[in-house]
Number of protein chains: 2
Amino acid sequence: MQKNILFVMYDQLRFDYLSCAGHPLLQTPNFDRVAAKGVRFTRAYVQSPVCGASRMSTYTGRYASSHGAQWNGFPLRVGEMTMGDHLRALGMGCWLIGKTHMKVDAAGMARLGLSPDSVIGARQAECGFDVWCRDDGLWAWGPDGFYDEQRSPYNAYLTSRGYDGENPWADYANAGVDGDEMATGWITAHAGKPANIREEDSETPWLTRQAMAFMDQAQGPWCAHVSYIKPHWPYIVPAPYHAMYGADNVVPPVRDACELDDPNPVYAAFAGNEFAKLYQRDEARETVIPAYMGLIKQCDDQLGVLLDHLAETGRDKDTVIVLTSDHGDYLGDHWLGEKDMFHDPSVKVPLIIYDPAETTGGVTCDALVESIDLAATFIEMAGGTVPDHIVEGRSLVPFLRGETPAWRDFAISEYDYSCQSMRAKLEVSPRDARLFMVVDRRWKFIHAEGGFPPMLFDLDNDPQELRDLGRSGLHDDILALMYDRLGAWGRRMAQRVTVSDGDIMARQGGSEGVGILHWLWDGSEVSQEALSRYRGPVRQRYVDD
Amino acid sequence: MQKNILFVMYDQLRFDYLSCAGHPLLQTPNFDRVAAKGVRFTRAYVQSPVCGASRMSTYTGRYASSHGAQWNGFPLRVGEMTMGDHLRALGMGCWLIGKTHMKVDAAGMARLGLSPDSVIGARQAECGFDVWCRDDGLWAWGPDGFYDEQRSPYNAYLTSRGYDGENPWADYANAGVDGDEMATGWITAHAGKPANIREEDSETPWLTRQAMAFMDQAQGPWCAHVSYIKPHWPYIVPAPYHAMYGADNVVPPVRDACELDDPNPVYAAFAGNEFAKLYQRDEARETVIPAYMGLIKQCDDQLGVLLDHLAETGRDKDTVIVLTSDHGDYLGDHWLGEKDMFHDPSVKVPLIIYDPAETTGGVTCDALVESIDLAATFIEMAGGTVPDHIVEGRSLVPFLRGETPAWRDFAISEYDYSCQSMRAKLEVSPRDARLFMVVDRRWKFIHAEGGFPPMLFDLDNDPQELRDLGRSGLHDDILALMYDRLGAWGRRMAQRVTVSDGDIMARQGGSEGVGILHWLWDGSEVSQEALSRYRGPVRQRYVDD
C-alpha cells in the first residue's frame with residue numbers, strides 16, 4: 001500500500017509544552033490525538049540546539065560535524081545528500097512547505113557549474129526538497145536591509161489580502177498596536193498584545209492551508225515537510241490566542257541559585273549573554289510565556305485542521321504523521337533564554353509518530369532518539385534500506401511496531417557558538433567555540449573545546465539538571481567513560497559516503513580474478529587460470545639470454 | 001616572479017632507500033643533488049599507508065577520514081576540493097603526468113548531472129587535475145578482465161613502439177623471459193630477471209619524457225604532478241638495472257623474534273597475511289630487494305634526466321622541486337610485506353623540497369610533517385592563503401626559509417583494512433576495520449577499532465620499533481595522553497568547508513543591522529535606527545483597541 005509521510009516540524013517548540021507531555025496548564029488536544037494513536041518519544045534529542053544546524057542534521061540524517069553546516073547560515077556543502085535524495089530514489093516525492101533554514105553552497109554550486117534554475121541545482125539549493133512553498137519565516141529588516149534576501153511567499157500572500165507596505169510580515173503579522181503606533185513583536189514588552197492581523201491571515205493558518213493545497217493535488221507516495229515558523233520568536237500572536245493565557249499561567253522557572261554559584265565558565269558565558277539576561281527578568285517571562293503558549297495553542301488548533309482534512313480526504317488511512325521541533329526554548333530556565341545549550345528545555349524536543357499501518361498506539365518510548373533517526377525512519381517507510389554509510393541515524397520503525405530493538409547507549413548533540421558573543425567572552429578561536437553533549441540513560445555530559453572543564457548532570461538524582469558535577473571530583477569514572485564515548489564517536493566513519501559496508505563485503509576475496517597477484521613466490525599458490533594471461537611463449541625478445 | 005612546482009611522487013618508495021637518507025649501499029646521486037640544495041624532511045608521514053587513501057589525502061590536503069576515500073578504489077566524493085581546485089583559483093595550472101589512483105564518484109557525478117566529458121566533470125573525475133597523461137600503472141589482467149578499466153597511455157606507447165599483444169605492459173614491461181616462455185613479474189621468483197623490454201621503453205623513462213614534453217610547452221605558472229608507478233610492484237626492472245644489485249647488497253631485515261612473542265592480535269593478523277608470509281622468506285627478500293633497488297636506481301637516473309632538462313631550459317631558476325612517495329614498503333621488516341601498518345618502513349616517506357627562491361639549502365628538518373602539508377605548501381607557493389577550514393595540512397614554506405615555526409605536537413595516520421583478509425581474521429565489521437596512528441617526537445601509538453588493545457613504541461629507546469609496550473602496563477600515562485590526542489583530533493572541525501574562520505570573524509556583531517532583535521525588553525537597548533523599520537504609524541487596524 002502507498003504510504004505518505006506528513007512530516008510536521010514546529011520551530012522552537014519545547015518538549016514539555018504539550019498536554020500529552022505533561023504541561024499542567026496548556027491543553028493541546030490535537031497533539032494529544034496523535035499521541036493517543038501513535039508513539040510519543042520522551043527522550044528525543046536534536047543534534048544541535050539551533051535552527052539551521054538541527055535542521056541540516058534532520059534532513060541529512062547526519063551529525064552536525066558530519067555535514068558541516070554547524071550553525072545558522074553555514075551553507076550545506078553541495079552534494080551532501082538529504083532525505084529528499086534518498087526518498088526520491090525510492091519513488092517517494094519529498095516536498096517542502098515552509099521553513100528549512102537552508103543556506104545554499106553558492107560557491108560549491110558555481111565550482112560544479114550547477115545552476116539553481118536547473119532541477120538538480122534547485123534541489124541542491126533547497127536541501128534536497130522539491131519546493132511547494134518555502135518560507136523561512138524570519139522577514140526581519142533593518143538599516144542594512146533584510147535578514148533573509150529571499151522572496152517571502154507569506155508576504156506576497158499578505159499583500160494579496162490587502163495588507164500594505166513592503167513587509168507586512170513585520171508590520172502586521174509580527175506587530176501589535178500601541179495607540180496609533182505599530183508595536184513590534186521584537187520588543188518583548190509587546191508580547192502580550194494581539195498581533196495586528198486577522199487570525200486566518202497569520203503565519204500558522206496560512207501554512208496549514210498551503211499544506212492542504214499540496215496534499216489535495218499530490219500524486220503517489222509523498223513526504224510533505226510541513227515546517228512552521230512558530231512558536232519561534234517574535235513572540236506575538238493574534239486574537240484570541242493573545243488573551244488565552246496570562247502571567248498566572250506561567251509555570252515557575254526551573255532554576256536555582258546554586259547554578260550561578262561557582263559556575264562552569266562556559267555556562268557562565270551563556271548565562272551572561274543578552275538573551276539570558278532578558279529571561280532572567282520575571283516580567284519578560286510573564287509576558288513572553290503567555291504569548292508562547294498562545295502560539296502553541298494556535299499551532300494545535302491548526303494541527304486539528306490538518307488532521308480533519310486528512311480524515312475528510314481519506315488520507316488518514318495511508319499517511320504517517322510525524323510531529324516534532326528543531327529545538328526547544330529555555331524561557332528563563334537555568335537562567336538562560338533562547339536555546340543553544342544542552343539542558344532538556346533546549347535540546348530535547350517533542351516527537352510523536354503515528355503510522356496508521358502499525359497497531360501499536362498510545363504508548364511512550366523512552367529510548368535515546370536522535371533527530372537524525374527521522375531520515376532513516378522515512379527511508380524504511382518508503383521501502384528502502386538505510387544507507388548507513390551516509391545516514392547516521394537509525395530507523396524508529398521497530399518502536400512503532402512495539403518492538404524493543406537493541407539501541408544506542410548514548411545520544412550526541414553539538415553546538416557551535418563561534419558566531420555569538422560567548423566566543424569573544426571565552427576568548428576562544430572560532431574552531432574551538434564548540435560544545436559536545438553525550439547523554440545516556442542517567443548522565444548528561446558536556447565537553448567544551450578550548451581547555452574548559454566538563455559539565456555533568458545526574459539525571460536520576462537531579463532530573464532538573466541544577467547541579468553541575470563536572471568539577472566535583474566525585475564522578476571521574478563517569479567522566480572517563482563519557483570521554484571514551486566521545487572519542488569513539490569522534491572517530492566514527494562519517495565520510496566514507498561513496499562505499500557501503502555491503503560494497504566492501506562484496507569485494508572480499510581480493511583482486512586475484514583481475515590479476516593482482518603480488519604475494520606469489522613461484523605461482524603455485526594460485527590456480528593456473530589466475531595466471532593464464534601472464535603465461536605463454538615469448539613473442540618478441542629484448543633481453544639477452 | 002613566476003614559480004612553478006615540479007611535484008614528483010614515487011610509489012612505494014621507502015624513506016631510507018636513498019643515499020642521502022643513509023642507505024648503506026644504494027647510491028642515488030640525483031635525489032642527493034636536490035637534497036643538497038633544499039630541505040630534506042626526516043619525519044614525513046603519509047596519512048594512510050596505502051596508495052589510494054594516501055594520495056587522496058595528499059591531493060586534498062585532508063585526513064583520510066575527512067575526505068572519506070579511505071582505501072584503494074573508494075571514490076573521492078564529488079565536490080571534495082583538491083590542490084588543483086585551490087591552485088587554479090590562484091592562477092596556477094595543476095597538471096597530472098602519471099598516477100593518481102583516483103576513483104571517480106560516478107554515482108555522485110550522476111546525481112549532480114556532471115558529465116565526465118565536461119571540463120568541470122573531467123576535473124571532478126581526475127581528482128582536480130588537468131590531465132596531460134594519466135597512467136595509474138597497474139594494468140593487471142586475469143580471468144575476470146582488467147584490474148583497471150581505463151585506457152593505458154603507456155600500453156598505447158608500447159604498441160606504437162612495436163610491442164605486440166593487447167597488454168604489452170604485462171607481457172614486456174613487467175615480465176622477463178624463462179627460456180621460450182614469458183616470466184611474469186607477478187611471480188616474485190622472477191624478480192631478478194631483466195624485464196623483456198628496451199630500457200628506454202620501460203615505465204620510468206617513458207613517464208620522464210612525458211613530463212619533459214609537458215614542461216616544454218607549459219605556460220606558467222604551473223604545478224606538474226609527475227607521478228611514477230615505480231618502484232611499486234611488480235618488482236622487475238630492465239637491464240642493466242636488474243644486475244646492479246644482488247643478494248649481497250640486501251640489508252638485513254629489521255625484525256626480532258620478540259615481535260612474534262605474544263603479539264598484539266591486530267599485528268598478528270597483519271603478520272599472518274599472504275604478503276607477510278612471502279617476505280618472511282629470505283629468498284623472497286633476497287630476490288625482491290635487488291630488483292627494488294634497481295627500480296629506485298632507474299628512478300634516480302631518470303630524475304637526473306629531469307633535472308638536467310630543467311637546467312637546459314632555464315626552468316631550474318623558477319621551479320620548486322618536490323620529491324616524495326605515497327607510502328613505503330616493509331620488505332620483510334617486522335615480519336611484514338607490502339605496506340598497510342604504521343612502522344616507519346611503511347608510514348614514513350622521503351620528502352625533499354628545493355625552492356630556488358629560498359637560500360636555505362642542504363639541511364634536514366625533523367619536524368613532524370604530514371603529507372597533507374604539501375597542498376598547503378603549494379597554495380602558499382602559488383601566492384594564496386591556506387583555506388584552513390578545508391585544507392587540514394600546514395604550509396612547509398617556513399621550514400624552507402630556515403624558520404622554526406610553532407608546529408604540531410603529533411602526526412596522524414589512518415588505515416582501513418576492511419577490504420583485506422585481516423578483517424575476517426579479526427572478526428570485525430567493515431567500519432571497525434580501522435587503525436589510527438598517533439606519533440609524537442618520542443612515542444608511536446596505534447589504536448584499533450573493535451576492542452583491541454593499543455600498540456605503543458618508544459622511539460627514543462627502541463628506534464627500530466621492535467618492542468610493543470601497549471600492553472606492558474608501564475606507560476598508562478602515555479596511552480592516556482595519546483587517547484586524549486586522538487579524541488581531540490577526532491573532534492577536529494573537518495567538514496565546515498563552506499565557512500572559513502575569517503567569514504566567522506567578519507560576522508561578529510550579530511544581526512542587529514538586519515533587524516534580528518530578539519533580546520529587547522523595551523527597545524531602549526539598541527539605537528533608534530536599529531528599530532526604525534519596525535516603527536511608524538499604524539496604517540491598517542485589525543485589532544480592537
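Chain A is the first sequence line, chain B the second, and so forth, proteins listed ahead of strands; every chain is numbered from 1.
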**Fill in**
So, the part of A:I120 with a heavy atom under 4.5 Å from chain B: the answer is side chain

**Item:** Residues B:R491, A:D432: salt bridge by 4.0 Å N-O rule
**Value:** no

**Pair A:E166 + B:R533, salt bridge at N-O below 4.0 Å** = yes

**Prompt:** Charged N to carboxylate O under 4.0 angstrom, A:E449 versus B:R492?
**Reply:** no

**Prompt:** What part of A:S66 gets closer than 4.5 Å to chain B, counting heavy atoms only: side chain, backbone, both or neither?
**Reply:** backbone

**Fill in**
Correct closest heavy-atom pair for A:V538 and B:V177 would be CG2-CG1, 3.6 Å

**Asked** Which region of B:L278, side chain (C-beta onward) or backbone (N, CA, C, O), has a non-hydrogen atom less than 4.5 Å from a non-hydrogen atom of chain A, or is it both or neither?
**Response** side chain

**Item:** Salt-bridge contact A:R539-B:D171 (side-chain N to carboxylate O under 4.0 Å)
**Value:** yes

**Request:** Assess whether side-chain hydrogen bond (donor to acceptor under 3.5 Å, both in side chains) is satisfied between B:E338 and A:H518, documenting all intermediate values.
**Result:** CA-CA 9 Å; B:E338 272 273 73; A:H518 52 307; 3.0 Å; yes

**Segment of A:H67 engaging chain B (4.5 angstrom heavy-atom cut-off)** = backbone

**Request:** Output, in order, the C-alpha distance, side-chain angles, deciding distance and verdict of side-chain contact (heavy atoms from CB on, under 4.5 Å) for B:K277 and A:W519.
**Result:** CA-CA 8 Å; B:K277 286 178 186 160; A:W519 68 96; over 6 Å; no

**Asked** So, A:T188 side chain and B:L520 main chain: donor-acceptor pair closer than 3.5 Å or not?
**Response** yes

**Request:** Select one option (side chain, backbone, both, neither) describing which atoms of A:E181 are under 4.5 Å from chain B's heavy atoms.
**Result:** both

**Message:** Whether A:D501 and B:R431 form a salt bridge (side-chain N of Lys/Arg under 4.0 Å from carboxylate O of Asp/Glu) is what I want to check.
**Reply:** yes

